[in-house]
> 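Supplied in C-alpha cells, the structure appears directly below.
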Amino acid sequence: MPRLSPAGELDAVALETALLEAWKSEDAFRTSIQRREHGAPFIFLEGPPTANGKPGIHHVVARTYKDLVCRWKTMEGFKVERKGGWDTHGLPVEIEVQKRLDLLSNESIEEFGMDKFNQACRESVWTYEAAWREMTERMAYWVDLDNPYVTLHNDYIESSWWALKQMFDKGLLYRGHKVLPYCPQTGTSYSSHEVALGYKEVKEPSVYVKFKLVGDSASILAWTTTPWTLPGNVGLAVGPEVTYVRCKVREAAGENWQGAGGADVGEELILAKDLMKDVLRHHVDIMEEFPGSSLVGKGYEPLFPEAIDAGDSDSAWTVLEADWVTTTDGTGVVHTAVMYGEDDYNLGMAAGLPAQHTVNMEGEFVAGTHPELDGRYVKSCDETIIALLSSSKGTNGTGPESGLLYREKDYLHDYPHCWRTDHPLLYYAMDSWFVRMTAVKEKLLEFNDNVEWAPDWVGEGRFGEWLRNVKDWAISRERYWGTPLPVWRSATGEMKCVGSIQELQNEVAKAVAAGIENPDCPDDVDLHRPVVDGFTLISDTGEIMHREPFVMDCWFDSGCAPFAQWHHPFDGGERFNASFPVDYICEGVDQTRGWFYTLLAVSATVFDSMAYKRCLSLGLILDAEGKKMSKSRGNIVDPWDHFNREGADATRWYMVTAGAPWNPLKFDSNGVRETYAKMFLTFWNVYKFHVDYAALDGFDPEETDSPIEHRPALDRWILSKLHTVAQDYHQEFVNWNYHKACRDLEEFVVNDVSNWYVRRSRRRLWDEADSDDKLACQHTLHEVLTLVCRLVAPIAPFMVDTVHRALTGESVHNADWPVGTPGSLEGATADAWDEAAAAATATLPPQDVHLEGVMTLVRELAEAGRRVRVDAGRRQRLPCAQGWLVAGPDLTPYHDLLCEELNVEAIRIEDDLDRFQRIELAPNFRALAPKARAEVNNVAKAIRESEHPNALLKDIEDGGAEVLGVLVERSDVDVKRVEREGFAAQTVEVELDGETVHVTLVLDMNDSPELQSKGMARDITRRIQAKRKDLNLEMEATVSLKIWLKEAPEIGEADRTWIAHETRATAIEFHVDSDGPEHAERFEVDGARVAFTVE
RNA sequence: GCGCGGGUGGCUUAGUCGGUUAGAGCACCCGGCUGAUAACCGGGAGGUCGCAGGUUCAAGUCCUGCCUCGCGCACCA
C-alpha cells in the first residue's frame, strides 16, 4: 500500500474527473464485476431510455437509485451485471422526424418514401446518445453502454417476433375490430397507457336530441357530447329497470332559454323520470310512467336518413336495452352510433345493428352523409349539425315543427387528446391487433402479489387496480417506424405468424417455389418496413398472403427486454434462463402503466411467469417550487450545473437524502450546495486531518498494531458507534429507506466523527513523540474512515474511492460490504439474506452499547457546562476551580476530558444528592389514566405541583399514596431529578442501559488569582494563535512574543511558560502596566487590556 | 367523480402503540468557542401541525366531512 501523504485542499470536480480517468484506464467497472465472478447472481434490468431526448436531472435521479443498489449488491458479494439498453422505436421518434422533414400526414410520408423516412428515424434515434453517455459516465452510473440492447437491432426484433409467435400459437394474439381512441392526424390508434398521457379539459357543445317514434306522437330524448356521432346513430339504448315518463309540454319556455332548440306546446317527450328536472326547460304534464323494457323494440325515424344504409338489419333505428344505462347524467337514453363508442359497438354487434362508418380515417364525414357535412372534419361540424337539427322539422323534413334539437348545453369535461399532436382523439372502430390480456388476468394478479414493491402501495394499490381492470392490449399501430407485426394474412383470413428470420426465409422460399415473386431474404434482412412488406407469402391452401401492415406498440418492445436483450431463444437460451425473472428494476412511478406493466404482460403471456421480483418505483422530480419539471415551463435543472460545481457525489447524495425514493423530490439547488458543504467537505477534512498527521509521523497501518481493547474509551466509543450506525444503515437499505440510512450516516460523520472524535483527538496527534495513544488514534481514524468509505460508496462513489485508495491502496468499489458479503458464499441467492453468512463475513469493529450511552452523557455534560456559564455570565476561558457531578454512573475515566471541555481545574463527585438536586414528579399517563379515568388531569396536576415531592414519593414507594381518591403507585409516576435553584448548575437526562439517568453538573463560580492568571493566559494564547493563522505561519514555525498588560490580573510563571509552549514562542517578554506600542495588536477581556506583537 | 400519496415555523423535513413541553437542518438575531472546515457550541425569535366536526381523561397521530397539491383511473352515452 502507498505511504500516506497529505491530502491538500478539496476540489471536488477535479477529484471526480481525475477518478473518471482512472476508472477508465483500469476498466474499473468490469473489474468490479469480475471480482464477483463466483458470487451469486443479482439480476438487474435496465429500463431503456430513448436517446432522442436530452437527458435531464430526473434521469440522474433514476440512474442513481439503479446504480446504488447494483453497487451495494456487488459489495455484498453478488455478481451484478448491468447491460445498458436503448428504446429506439415508436411514435415519438416518428413525430420528431415528421416535424423536421415537414411531413404532416401518412400520405406525405409515403410520398416521401417509407424507406427514406425510416432511415431518418433510425438516425434520429441517436441524436442525444453522446449526451446520454456523457451524463451517465459523469454521474458514475456503472452500466455497460458498449454492449447495450437496442430495440431496432435485428436480434432484438427477432426475439420480439418469437414472443409474438408464442402468443399467436397460444391464441392470445388476435385480430379484432374494436373501438379505439384514434388520432386522424397521426393516423393511428392508441393503447390505454398512451391515451392516459393526453387528457385535457375542454368545453364542448352537448345536445339533447328528439328521436321521433314511428307510429307514435312522442319523441325520445337522448343526449350526446359528440354531435359528430349523430349521423351514425342507428339505435337508442334504455335501461330495462329504469323508470321513464311520457310527458307533454304545457306551455312555451321562458325568456331565459339559451341556445338553439326547443319544443312546441303539446309536444310529447320521453325520458328517464329521475332526469326530468335536469333536462327539461318546459313545464310539462306527466302522462305516463313505465319501465325501460316497455320501450324496447319501438322504431324511430333516423336523424340523417341518407347516412346509413340499414341493409338487412331489422334492428336499425329501434330502441334497445342495455343494463349499463344509468341516470347519472343525460336523459337515461343513450344514443348509439355503432362505430364510435365501445359500448355502442358491443351493443350494435349483439343487436345486429348495421356497422357502417360515417367518418373516414382522416376524421372527415364520408360522402353521402349529408350534403352539408360530406368531406368535412367532424370536430368542426358541431355548429352545422346543431343548425341542421334545430331547423324546422329537422334534417329529414318529417320531424316536429320545433326541429329535432331540444337543447344545447356547453359541457365541460376531460377528453383524451393525442399526446403528440394535441388533437382530440376520436373513438373509432377499426381493425387492430390485440393481446388477450383478459385471459391471463388472474395470473397477472397472482404474479404481482409476489413482487416486492417499494413502496408497497404502488403494487397493491395503483398497479393492482390497473390489473384488476385489465383490458386486451391493442398492440398494433398504423405506423412506419417500429417492430413490424410478423403476421401475413390472405384475403380469406388465413394467417401465418412468423417467429424468426429462418422461418421467414423458409416461407419466402415456399412462396417463390409456388411461383410468387419475392425479393431476396438474406440472413441479415432488415426486419423493418418497407422491406418486410415486400415479402408475399403463400398460405397452406395456396392463397396469397400479405403482411398485416402494422408495427407494434413500442411499449411491446421494451416489455420484451428480459429475453430480447440476450437474443433469446436464438442464442441457446442459457443467459436468459440464468437471469429470469430479474431481481431488481427501478423506474419512475409513471412507468406503472408503461414498462412495469408491459414487462409483466409479456412475461405472463409468453413465459407464464413474473418478470421482476423487486420493483422500486420512484417519485416524480419537481422544481424547488414543487412544479413539475417540463421543457415548456423552462424549469428543467441541468445536471451539469451541479456536476461542474459541487460534483456528482454531492448531487447524488443530496437526491437520496432529500426524501423517500418514492416521494416527489423537490429539487433544490441550495440543497446540493448544503450537502457538499456539510457531508463532503466535513468528510474530506476528517480525512485530511488523519493523513496530514499520518504523513508527518510516517504512520503505517499495516506495520503497526493497536489492539482495540487497549485503546482509550474515546476510540472504542467511535468504533462502537460506527458498528451501530453501519448495521442501522444496512437495515434501512434493506427496507428501501436509503434516505434514512444516509441522513443517519451523515449525522454520524459530521457530529460524532468530526465534531466530537476529531475535535477531542486533535491534541493527541499534535504530540510529536510516538505513543500508544497517538497510535491508537491513528488506527481508529484509519478504520473509521475506511469503513465509512465503504458505506458511502454505493451512493456517492467518487470521493470515498479517492480516500479509500489513499488509505488502503485499493478501490472502494472492489471492497466488501462491512455488514457482510453473503452473496459470495456457495449456494447463496439474491432472494434470501443469510444472517449467519453475513455475520461471519462482517468486518465491523466491536460494539459496546454501554460505552455509547456513557459517551452520550459525557457530551451532554460538556454542553451543559456551556449553558451554565452563559447563565452565570462567566466567560469560557476563565477556568472554574471545580465542578461537581451529582448522581449518574462513574465517569472517572472521563474526568480529564470533562475538565478540558468544561474548563474546570477538578471534577468532584457529590454523593449528597439533595445538596444540588431536588425531585420532580411527573404523572405516567399510560398507567395512571385507566385508574383515574376522568380525574386523571386533576390527579396529574396534584402530582406535578406537590409541595413536598420527596414526601409524596416516599409514600408512593411505601405502598402507594392517595391523591384525590386515586391510589398512586410507583409505576404511575416518573421521577425526575433536576438541579436546585440558586446554583450554577444544569441537569441532563440520558438513556443508559435501558434506564433514564439524571445527572447534574454544578460549577464553582469562586475566583482566585491563580484562576484569573490561567484565564488570562488562555485568552492571550487564543489571540496569538489567531494571529499566527493570519500570518499564515507553518505549524512548526517559531515566533518571539512581546506582551503588554494593563489593569489585568497578574500572570504566573507557569502560565507564562504555557503561553510560550502553546504558541511555539522561543522568546517571550511581559510588560506590566503598559499599553504597549502603537503597532501592537490589542484586545480587552473582562476589563483587562492586552497588547501583543508576534514576530 | 373514484383511488393512492401529501399538507407540520420563511424553506426542507422528523414525529414509534394516541400520553400532555411537536424535534431537527437551512436562513435570521444575540452570545460563545476555534491552529477547526463554507466548521462548531449555547441562547433567541418564528408553529391555529390544511379547515371543521367527532371519539377520548388525552389527538400532529384515530374517525367523518370539506379544502388544497401531486399522481393514477374513468370520464362515459
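Letters A, B, ... are given to chains in the order of the sequence lines, protein chains preceding strands, and every chain is numbered from 1. Side-chain atoms are counted along with the backbone in the values below, which use heavy atoms only and exclude waters and symmetry mates.
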> What is the distance, to the nearest angstrom, from the CD atom on A:Glu646 to the P atom on B:rC26?
17 Å
> At under 4.0 Å between heavy atoms, what does A:Phe689 touch on the DNA or RNA strands: base, sugar-phosphate, or nothing?
nothing
> OP1, OP2 of B:rG43 versus side-chain N and O of A:Arg867: anything below 4.0 Å?
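Checking A:Arg867 against B:rG43: at least one side-chain N or O falls below 4.0 Å of OP1 or OP2.
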> Grab the OH-P distance between A:Tyr428 and B:rA77 for me, whole Å please.
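Spelled out: OH on A:Tyr428 to P on B:rA77 is 19 Å.
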> Checking base pairs now: Watson-Crick or wobble, both atom distances under 3.5 Å. What partners B:rA22?
none
> In whole angstrom, give me the gap between the P atoms of B:rG5 and B:rG10.
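Nearest-Å result for B:rG5 against B:rG10 at atom P: 28 Å.
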> Quantified in whole Å, what is the P atom distance between nucleotide B:rC17 and nucleotide B:rC33?
44 Å
> Can you identify which nucleotide, out of B:rG5, B:rG3, B:rA39, has its nearest atom closest to the A:Trp457 side chain?
B:rG5
> Is it true that the NZ or CZ of A:Arg1023 lies under 6.0 Å from the centre of A:Phe1092's six-membered ring and within 45 degrees of the ring axis?
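No cation-pi geometry.
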> Among B:rG3, B:rC57, B:rG32, which is the nearest nucleotide to the side chain of A:Arg462?
B:rG3
> The side chain of A:Lys678 lies closest to which of these nucleotides: B:rG25, B:rU37, B:rA77?
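Selected nucleotide (nearest to the side chain): B:rG25.
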> Would you indicate which nucleotide in B:rG19, B:rA77, B:rC33 comes nearest to any side-chain atom of A:Arg926?
B:rG19
> Using the ring of each side chain (for Trp, its six-membered ring), is A:Phe463 parallel, tilted or perpendicular to A:Trp453, with breaks at 30° and 60°?
tilted
> Quantified in whole Å, what is the C1' atom distance between nucleotide B:rG54 and nucleotide B:rU61?
15 Å
> Can you tell me the distance, in whole Å, between the CZ atom of A:Phe667 and the C1' atom of B:rC11?
16 Å
> From the options B:rG42, B:rC41, B:rG25, select the nucleotide whose nearest atom is closest to the side chain of A:Glu674.
B:rG25
> Are the charged groups of A:Glu1062 and A:Arg763 less than 4.0 angstrom apart, N to O?
yes
> Return the nucleotide paired to B:rG72: Watson-Crick means purine N1 to pyrimidine N3 with N6-O4 or O6-N4, wobble means G-U with N1-O2 and O6-N3, both under 3.5 Å.
B:rC2
> Less than 4.0 Å between a side-chain N and a carboxylate O, is that true for A:Asp752 and A:Arg859?
yes
> Does a side-chain N or O of A:Thr224 approach OP1 or OP2 of B:rA77 to a distance below 4.0 Å, or not?
no
> Using the P atoms only, state how far B:rG60 lies from B:rC67, rounded to an integer number of Å.
23 Å
> Could you measure between the two C1' atoms, the one in B:rG3 and the one in B:rA74, and give it in whole Å?
11 Å
> Rounding to an integer number of Å, can you tell me how far A:Trp223 CH2 sits from B:rA77 C1'?
7 Å
> Could you tell me how far apart A:Arg944 (CZ) and B:rG19 (P) are, to the nearest whole angstrom?
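Result: 15 Å.
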> So what's B:rA39 paired with, Watson-Crick or G-U wobble, going by both distances under 3.5 Å?
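B:rA39 is paired with nothing.
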> Given B:rG19, B:rG35, B:rU34, identify the nucleotide with an atom nearest to the side chain of A:Ala929.
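Looking only at heavy atoms from C-beta outward on A:Ala929, the closest nucleotide is B:rG19.
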> Under 4.0 Å, heavy atoms only, any strand: does A:Ala1026 hit a base, just the sugar-phosphate, or nothing?
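No contact at all - A:Ala1026 keeps every heavy atom at 4.0 Å or more from the nucleic acid.
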> Verify the contact: side-chain N or O of A:Arg1018 to OP1 or OP2 of B:rU34, cut-off strictly under 4.0 Å; return yes or no.
yes
> Counting only side-chain heavy atoms from C-beta out, which of B:rG3, B:rC41, B:rU12 sits nearest to A:Arg866?
B:rC41
> Taking the six-membered ring for Trp, are A:Phe683 and A:Tyr687 closer than 6.0 Å centroid to centroid?
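That pair fails the under 6.0 Å test.
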> For atom P, what is the distance between B:rC49 and B:rG23, given to the nearest Å?
14 Å
> Output yes when A:Glu901 and A:Arg760 qualify as a salt bridge under the 4.0 Å nitrogen-oxygen rule, no when they do not.
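Salt bridge between A:Glu901 and A:Arg760, a charged N being under 4.0 Å from a carboxylate O: yes.
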> Could you say whether A:Asp344 or A:Leu620 is positioned toward the 5' end of RNA chain B, judged by the nucleotide with the nearest heavy atom to each?
A:Leu620
> Rounded to whole Å, please give me the gap between CD in A:Glu747 and P in B:rU13.
18 Å
> Distance check, P atoms only: B:rU12 and B:rA52, in whole angstrom units.
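B:rU12 and B:rA52 have their P atoms separated by 23 Å.
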> When the P atoms of B:rA39 and B:rC26 are compared, how many Å lie between them, rounded to an integer?
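The answer is 9 Å between these two P atoms.
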> Take atom CZ of A:Phe680 and atom C1' of B:rA38, then tell me their distance rounded to the nearest Å.
15 Å
> Quick check for you: among B:rC4, B:rA38, B:rU37, whose closest atom lies nearest to any side-chain atom of A:Arg673?
B:rA38
> Report the distance from atom OH of A:Tyr654 to atom C1' of B:rC11, rounded to the nearest whole Å.
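Taking atom C1' of B:rC11 as the reference, OH of A:Tyr654 is at 11 Å.
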> Enter the distance from A:Tyr340:OH to A:Thr229:OG1 here, rounded to the nearest 0.5 Å.
9.5 Å
> Is any side-chain nitrogen or oxygen of A:Arg869 closer than 4.0 Å to OP1 or OP2 of B:rC33?
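For A:Arg869, the contact criterion (side-chain N or O under 4.0 Å from OP1 or OP2 of B:rC33) is not met.
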> If you look at every strand shown and take non-hydrogen atoms under 4.0 Å, does A:Trp662 touch a base, only sugar-phosphate, or nothing?
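No contact.
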> Taking only the side-chain heavy atoms of A:Val334 (C-beta and beyond), determine which of B:rA77, B:rC17, B:rA39 contains the nearest atom.
B:rA77
> For B:rA27, which nucleotide in any strand shown is its Watson-Crick or wobble partner with both distances under 3.5 Å?
none
> Base, sugar-phosphate or nothing for A:Thr229? Non-hydrogen atoms, less than 4.0 Å.
nothing
> Which atoms form the tightest heavy-atom contact between A:Val179 and A:Glu342, and what is the distance?
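Looks like CG1-N, 3.8 Å.
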> Tell me which of A:Pro664 and A:Gln1025 sits closer to the 5' end of RNA chain B, going by the nucleotide each one is nearest to.
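Nearest-nucleotide comparison on RNA chain B picks A:Gln1025.
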> Counting side-chain heavy atoms from C-beta on, which of B:rC57, B:rC75, B:rA38 comes nearest to A:Asn937?
B:rC57
> Watson-Crick or G-U wobble partner for B:rU61, using a 3.5 Å limit on both distances?
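With both distances under 3.5 Å required, B:rU61 matches none.
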> Salt bridge check: are A:Asp1019 and A:Arg875 linked by an N-O gap of less than 4.0 Å?
yes
